[in-house]
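Heads up, the thing below is written out as structure tokens.
Side chains included, hydrogens not; waters and symmetry mates left out as well; all remaining heavy atoms used.
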Amino acid sequence: GGDPTAFKLPRPLLHSGDLDFSFAGLKTAVLTQVKKLGPALDDPQAPARADLAASTQAAIVEVLVKKSLAALDATGLKRLVVAGGVGANRALRSQLDAACVRRGVRVHYPELHLCTDNGAMIALAAALRVQAGAAQPVRDYAFDVRARWPLDAACFE
């Protein structure tokens with residue numbers, strides 16, 4: 001219910017010329033605003049709280065929509081699939097729907113109850129790999145941390 005234009009927040013990597021995105025700079029900008037506003041955010045009904053939330057959502061949605069459209073342009077594809085928890089966001093759905101209609105692109109979303117956090121989807125994918133015999137689970141819970149982990153790479157080493 002807040003004003004999405006109340007705070008001028010960055011749109012990280014929006015004009016990077018590639019399909020990468022990161023919200024680290026946005027997160028820092030929001031934290032800076034939280035510190036500036038201080039006690040003004042203590043009340044859950046505070047207008048500044050709703051405005052900051054709406055402004056943050058607007059920044060994220062803008063980046064996701066523009067990067068998604070850039071991906072469609074780069075690939076020439078005419079279908080877009082949105083997955084993960086973000087697929088439940090009404091503002092994202094609305095803006096993607098409008099942009100895709102203008103471009104003659106079909107966009108697909110899971111039903112709301114299936115818009116699950118990506119961590120849960122990765123866990124399911126790992127469980128299915130183990131069940132299919134494509135990987136063996138380990139009990140020490142040790143794994144390498146990788147910033148970019150190709151989906152076709154082994155889950156368990």
Min side-chain heavy-atom separation R49-P44 under 4.5 Å: yes
Cluster link L114 to L128, ILVMFWY, side chain under 4.5 Å: no
Residue pair L92 / V82: nearest heavy atoms and the distance that separates them: CD2-CG1, 4.5 Å
Polar side-chain atom of R93 near backbone of G87 as donor-acceptor pair, under 3.5 Å: yes
Check for a donor-acceptor pair, side chain of D3 on one end and backbone N or O of D51 on the other, with a separation under 3.5 Å. no
same_hphob_cluster(V105, L77) at 4.5 Å side-chain heavy-atom cutoff: yes
Where the side chain of T75 meets the backbone of A71, is there a donor-acceptor pair that is under 3.5 Å apart? yes
Would you confirm whether R11, through its side chain, and L9, through its main-chain N or O, come within 3.5 Å as a donor-acceptor pair? yes
Following the transitive rule for hydrophobic clusters with a side-chain heavy-atom cut-off under 4.5 Å over Ile, Leu, Val, Met, Phe, Trp and Tyr, establish whether V34 and I60 coincide in one cluster. yes
For A99 versus V65, what's the shortest heavy-atom pair and its separation? CB-CG1, 4.4 Å
Give the intermediate values and the outcome of salt bridge (Lys or Arg N to Asp or Glu O under 4.0 Å) for residues K67 and D20. CA-CA 8 Å; K67 292 288 184 165; D20 294 344; over 6 Å; no
Would you say L13 ends up clustered with V61 if hydrophobic residues are merged whenever their side chains have heavy atoms under 4.5 Å apart, either directly or through other cluster members? no
Separation between NZ (K66) and CD (Q95), nearest 0.5 Å, reads 9.5 Å
In short, V107 meets C100 closest at the heavy-atom pair CB-SG, 4.0 Å
Looking only at non-hydrogen atoms, find the nearest pair between A48 and F7 and report the distance. O-CE1, 3.9 Å
Shared hydrophobic cluster for L19 and L14 (ILVMFWY, side-chain gaps under 4.5 Å): no
With the side chain counted from C-beta on, respond yes when D73 and R103 share a heavy-atom pair under 4.5 Å apart, and no when they do not. yes
Heavy-atom distance under 4.5 Å between the side chains of L31 and K27, does that happen here? no
Within 6.0 angstrom of F23 CZ, more than 12 heavy atoms from elsewhere: yes
What are the two closest heavy atoms between P10 and A59, and how far apart are they? O-CB, 3.7 Å
Which heavy atom of L64 sits nearest a heavy atom of S68, and at what distance? O-OG, 2.7 Å
CG-CZ distance between D97 and R106, expressed to the nearest 0.5 angstrom: 12.0 Å
